[in-house]
Amino acid sequence: MTNTVNQTTIAAIATPPGRGGVGVIRLSGPKAYSIAQVLTQKDLPKARFAGFRQFFDDQGEVLDEGLAICFPNPNSFTGEDVVELQGHGGPVIQNALLTRLLELGATAAKAGEFSMRAFENGKMDLVQAEAIADLIDATSQAAARSAVRSLQGVFSNKVNTVLEKLIHLRLHVEAAIDFPEEEIDFLADGKILSLLEEVQTSVAAVQQSARQGQLLREGLQVVIAGKPNAGKSSLLNALAGNDRAIVTDIAGTTRDVLHEKISLNGLPITLTDTAGLRETGDVVEKEGIRRAIKEIEQADLLLLVYDLSQGENPLELAQNYFENHLDYKRLILIGNKCDLTDQSAELNDLQGFRHITVSAKQDVGVQVLIDAITAHAGFQPEEDTFIARTRHLDAMKRTQRYLAEAHEQLVVYHAGELVAESLRLAQNALGEITGDFSADDLLGVIFGSFCIGK
């Protein structure tokens, strides 16, 4: 990444809103030192040493007091001159200090602008920049550890290793095209095909690891549906490990959508309880059922619950309500209340559908269901799993597609120029992950989702 020179100096509050013992304001840019010196009316401490300073307003009155720490370029987070001012954490005083910095010539930072400058100045690549936001937003220890690995460059190193192989392959193909008079036909001697298949295998391996990282970051959308009194809310409570949903013997107790974020075997889950599905004249209940169908359409996985003790046929229920709303591959049939029958809790097959018998109220068979949910997601994180996003997987899918095209053009058509073009497109797609090839609008979307002050 080529270093860029930003003429503006940006400032932002870097700590969360609210009351706290310490509040941090960050300055970055060519005037960071001079602005901080006017604010403190004193020479700044030497690099990376904390110095106690008072912070003054335009009338010479003390606004606050605390620590000033300087990080000279290029050895700072952004690669620019950076000053961090650590004062007290009240919102009034923090906003007063920020206002004073803006009066002295700083510009209010946009969301993610500090990380954007770090990326532009070659302090980190795009994957590492995204990992900062993912580490802040991590909802589990596993997700946090994976985000740290991405921040340390584990994901980037894997991508860059594949990129090096791809560039090496492109050099061989270009040589075959540029020197057709050579006695050896490089396109036909098997060397290029071998290298191409090696790159395809490498991309597939990184793609599999990234899929695990995406699941850690984004989790799975799981919806519980079924008739009234089938035990949907009891199942949600059993999976969540607390009484999150109201459970009664009155049909139609749940009339709205209820979301609960949980972790199952380390996999983040957004669990959704829905209104019981039935014909009704109640306007409110009808709206609840409409919302239930909408959630079902968007679900990664549907748990269709039915009452074993009532002799219900779950296949009829599936056909009646979900024939036009659901890919059956996203469906698990849950026979609930097995404690009221002579059936044991188990995972089996019911006319081609995955089927599990449980007792949500007695917590019987719930672990079998949890294992089935994580198996459905293909969640098997390795020790070195790194955090990943949907855009990373999309880039790798396109890379795989271009490599497959190159393979066909090489093996079937022996067309060197077309192979070269497909490999160029594959390199561009893969390079989007780390930011080697990234449109400005993509960067705006990515960094715009960051916190102010990061």
Side-chain angles (χ1 to χ4, degrees), residues 1-17 23-32 35 48 69-86 94 98 101-102 106-139 143-157 159-160 210 213-214 216-218 386-392 395 431-454:
M1 182 66 62
T2 302
N3 283 13
T4 60
V5 179
N6 287 290
Q7 299 302 317
T8 58
T9 298
I10 55 175
I13 300 170
T15 41
V24 177
I25 293 181
R26 178 178 285 170
L27 275 165
S28 180
K31 295 182 179 179
I35 289 173
R48 293 174 185 78
I69 308 174
C70 300
F71 303 89
N73 76 81
N75 300 314
S76 69
F77 175 73
T78 62
E80 305 172 332
D81 288 338
V82 171
V83 179
E84 288 192 357
L85 305 170
Q86 300 182 6
Q94 287 278 285
L98 180 59
L101 294 174
L102 301 183
T107 301
K110 302 181 181 70
E113 191 168 359
F114 288 91
S115 298
M116 180 75 158
R117 291 191 176 196
F119 168 71
E120 290 175 335
N121 291 327
K123 303 300 293 184
M124 62 180 68
D125 62 32
L126 198 51
V127 168
Q128 292 171 302
E130 290 170 312
I132 295 172
D134 294 333
L135 180 58
I136 293 170
D137 294 335
T139 57
R145 287 194 296 268
S146 295
V148 168
R149 281 191 281 270
S150 284
L151 182 58
Q152 292 175 331
V154 172
F155 188 10
S156 302
N157 290 340
V159 171
N160 288 332
Q214 183 207 27
L216 268 176
R217 179 182 183 272
E218 300 178 6
F386 45 79
I387 212 74
R389 298 184 171 204
T390 299
R391 79 165 191 91
H392 302 148
E432 288 178 12
I433 295 174
T434 56
D436 286 347
F437 300 93
S438 294
D440 289 341
D441 56 349
L442 173 63
L443 297 181
V445 169
I446 290 172
F447 288 101
S449 65
F450 281 34
C451 307
I452 300 291
K454 255 304 179 187

K.L.:
Which distance, rounded to the nearest 0.5 Å, do you find between the OG of S76 and the CD1 of I69?
P.N.:
13.5 Å
K.L.:
Could you report the tightest heavy-atom contact between A109 and I10, atom names first, then the distance?
P.N.:
CB-CB, 4.0 Å
K.L.:
Can you tell me how far apart CD1 (I35) and CG (L102) are? Round to the nearest 0.5 Å.
P.N.:
9.0 Å
K.L.:
Decide whether S28 and T78 meet the rule of one side-chain donor and one side-chain acceptor closer than 3.5 Å.
P.N.:
yes
K.L.:
In Å and rounded to the nearest 0.5 Å, what is the CD to CG distance from Q152 to N157?
P.N.:
10.5 Å
K.L.:
By side chain to side chain contact (heavy atoms under 4.5 Å, CB included), which residues pair with A210, not counting sequence neighbours?
P.N.:
F155, F386, A388, L393, M396
K.L.:
Looking at K31, I'd like to know if its NZ atom is crowded, meaning that more than 12 non-hydrogen atoms belonging to other residues, nucleotides or ligands lie closer than 6.0 Å.
P.N.:
no
K.L.:
Quick one: CD on E130 to CZ on R391, what's the gap to the nearest 0.5 Å?
P.N.:
4.0 Å
K.L.:
Just verifying a value: how many Å separate H392 NE2 and Q214 CD, rounded to the nearest 0.5 Å?
P.N.:
10.0 Å
K.L.:
To the nearest 0.5 angstrom, please state how far the CG atom of L151 sits from the CG atom of L135.
P.N.:
7.0 Å
K.L.:
If we ignore hydrogens and angles and just use 3.5 Å, is the side chain of D125 paired with the main-chain N or O of V127 as donor and acceptor?
P.N.:
yes
K.L.:
Is there a donor-acceptor pair closer than 3.5 Å between any side-chain N or O of D81 and the backbone N or O of N73?
P.N.:
yes
